[in-house]
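Right, one structure below, let's go through it.
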Amino acid sequence: MDKPVYVTQSTLPPLEEYTACLKNIFESHQLTNHGPHVARLERNLAGYLDSPALLAVSNGTLGLQLAIRHLGWKGKKVITTPFTYVATVSALLWEGCEPVFADIDPDTLCISPDRIREQLQEHSDVAGILPVHVFGNACDVAAIGALAAERGISVLYDAAHAFGSRLNGKSLFAHGDLAVGSFHSTKLFHTIEGGCIVSQKPEDMAALGLLRAFGHIGEHHISPGINAKMSEAHAAMGLCLLPRIDELIRRRATRTGLYDRLLLHRFPCRLKTIKLAPGLEWNHAYYPLLFEHEETVLKVSASLGAANIHPRRYFHPALTNLPYLKKQSAPLAESAASRILCLPLWPDMEDKIVEEVAEIVGKSL
Ligand SMILES: *Cc1c(COP(=O)(O)O)cnc(C)c1O
């Protein structure tokens, strides 16, 4: 490849559409502090995500931190998955929580409810569960909800990959006490940097809104807050992309279909991908491939690298190996992390790039 091919390419709207929004912002002189673009984006996102209440925030990591505070988990034990991006766990650590890892289901790569049950038996003092809808696949929300209800603890979903995925017709964001999205520019829907917190209870929003903006309303100081506001220029990017989202997902699906034909169907014994949850309309956020052995991953990565193609080992290493955490055991997450490779994928990716990637992967096998 003449130009490097990365794991993804950020989606951009036509420049004129974005500059038209920026022109409005310039004319209004309101650049941030809950301006009309943020308000409109929040309303439109709440509709798209089947959520009665939604707050836009400056990024997904701060969204997780605000949600953790709001749920009263600060300083407590929280069960989470070791197979995720590090931000899931670093958000817990910044809030002084102790992550307790429950291993994953080796087929879906999402946290296993059976392993959660074991950790709940082991630890009587767990404050909540933080599962991740990995690669846009759905966690077993029914089983996780039942375990949490039994123990009387709360569930916060890291829904950073879940935008556009629907389970039995409803957005994945509609599950859990709270769900947090990331609108980072590498994600399926983005605001350059950004994120959201979704709740099923509109009464949560006042307290979360205070946490997001310094904990005061005018001169009335209520609680210690932080600054996690989204700016008008960021919201404008979201407003330009949101109407295109279903089309973007359709185009991703065409690319993943081509990868399936060129790779999964040709090498059914040597390659696997994630098993989607029953009832899931998947958002095609990533194209994860599981190889039999780590050596194959290294070989495939090297061959792709030599052709200027740079896939990512999401999520290697498993977070049980973080040097600043007490070692815990999660053999299935560690195995998946060592054998996974996410291939390049974006909505406008040319077929010939998909074909080239597939050919190099196939040859390396
Ligand atoms: C991207 C991501 C985050 C962090 O989101 P930011 O908006 O980049 O802060 C959290 N969790 C997961 C699983 C992610 O992939």
Side-chain angles (χ1 to χ4, degrees), residues 6-11 38 41 45 49 54-69 78-95 97 99 101-102 104 108-111 129-139 155-165 172-173 175-176 178-198 211-212 226-231 234-235 237-238 241 274 282-288 311-320 322 330 333 336-337 340 342 345-346:
Y6 296 108
V7 70
T8 196
Q9 195 178 85
S10 300
T11 304
V38 169
L41 182 65
L45 285 171
L49 298 173
L54 180 146
L55 280 188
V57 289
S58 49
N59 61 65
T61 306
L62 274 171
L64 287 170
Q65 289 182 223
L66 265 51
I68 289 164
R69 288 258 170 152
V78 174
I79 294 179
T80 191
T81 172
F83 188 78
T84 176
Y85 183 57
V86 70
T88 312
V89 165
S90 55
L92 286 173
L93 294 174
W94 273 81
E95 297 306 321
C97 298
F101 290 125
I104 57 171
T108 64
L109 305 188
C110 292
I111 195 167
I129 309 172
L130 172 49
V132 180
H133 296 300
V134 176
F135 300 139
N137 200 359
C139 292
V155 180
L156 161 61
Y157 279 103
D158 180 337
H161 302 176
F163 201 91
S165 273
L172 278 185
F173 278 77
H175 296 277
L178 295 174
V180 168
S182 165
F183 304 154
H184 182 256
S185 58
T186 55
K187 303 296 204 289
L188 185 146
F189 167 80
H190 76 89
T191 58
I192 307 173
E193 291 271 4
C196 70
I197 308 175
V198 159
L211 288 175
R212 175 177 66 172
I226 196 165
N227 179 3
K229 288 174 276 121
M230 180 182 279
S231 84
H234 290 83
M237 178 61 77
L241 290 176
I274 51 172
W282 186 39
N283 61 3
H284 302 265
Y286 296 84
Y287 196 80
R312 288 290 293 268
R313 297 180 76 187
Y314 289 149
F315 293 102
H316 181 266
L319 300 182
T320 45
L322 283 177
I340 200 151
C342 282
L345 176 67
W346 63 91

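These numbers were taken from a predicted model, which means no experiment stands behind them. Remember, it's 1-based here, ligands and their atoms both numbered in the order they're listed.
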For ligand 1, find each of its N or O atoms that sits under 3.5 Å from a protein N or O atom, and tabulate the pairs with distances to one decimal place.
{"unit_1": "ligand 1", "atom_1": "5 (O)", "unit_2": "Ser182", "atom_2": "OG", "d": "3.1"}
{"unit_1": "ligand 1", "atom_1": "7 (O)", "unit_2": "Gly60", "atom_2": "N", "d": "2.8"}
{"unit_1": "ligand 1", "atom_1": "7 (O)", "unit_2": "Ser182", "atom_2": "OG", "d": "2.7"}
{"unit_1": "ligand 1", "atom_1": "9 (O)", "unit_2": "Gly60", "atom_2": "N", "d": "3.3"}
{"unit_1": "ligand 1", "atom_1": "9 (O)", "unit_2": "Thr61", "atom_2": "N", "d": "2.9"}
{"unit_1": "ligand 1", "atom_1": "9 (O)", "unit_2": "Thr61", "atom_2": "OG1", "d": "2.6"}
{"unit_1": "ligand 1", "atom_1": "11 (N)", "unit_2": "Asp158", "atom_2": "OD1", "d": "3.4"}
{"unit_1": "ligand 1", "atom_1": "11 (N)", "unit_2": "Asp158", "atom_2": "OD2", "d": "2.7"}
{"unit_1": "ligand 1", "atom_1": "15 (O)", "unit_2": "His161", "atom_2": "NE2", "d": "2.7"}
{"unit_1": "ligand 1", "atom_1": "15 (O)", "unit_2": "Lys187", "atom_2": "NZ", "d": "3.3"}

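- Here the options are Phe315, Phe173, Phe183, the test is ring pair (Phe, Tyr, Trp, His ring centres under 6.0 Å), and the partner is His161; only Phe315 passes.
- At distances below 3.5 Å, not a single donor-acceptor pair connects side-chain atoms of Thr61 with backbone N or O atoms of Ala87.
- In plain terms, the two heavy atoms of Ala162 and Leu172 that are nearest each other are CB-CD1, 3.8 Å.
- For Phe101, the CZ atom sits in a packed shell: over 12 heavy atoms of surrounding residues, nucleotides or ligands are nearer than 6.0 Å.
- For CZ of Arg313, the number of neighbouring non-hydrogen atoms (other residues, nucleotides, ligands) closer than 6.0 Å is greater than 12.
- A distance-only check finds a donor-acceptor pair linking the side chain of His133 to the backbone of Cys139 [under 3.5 Å].
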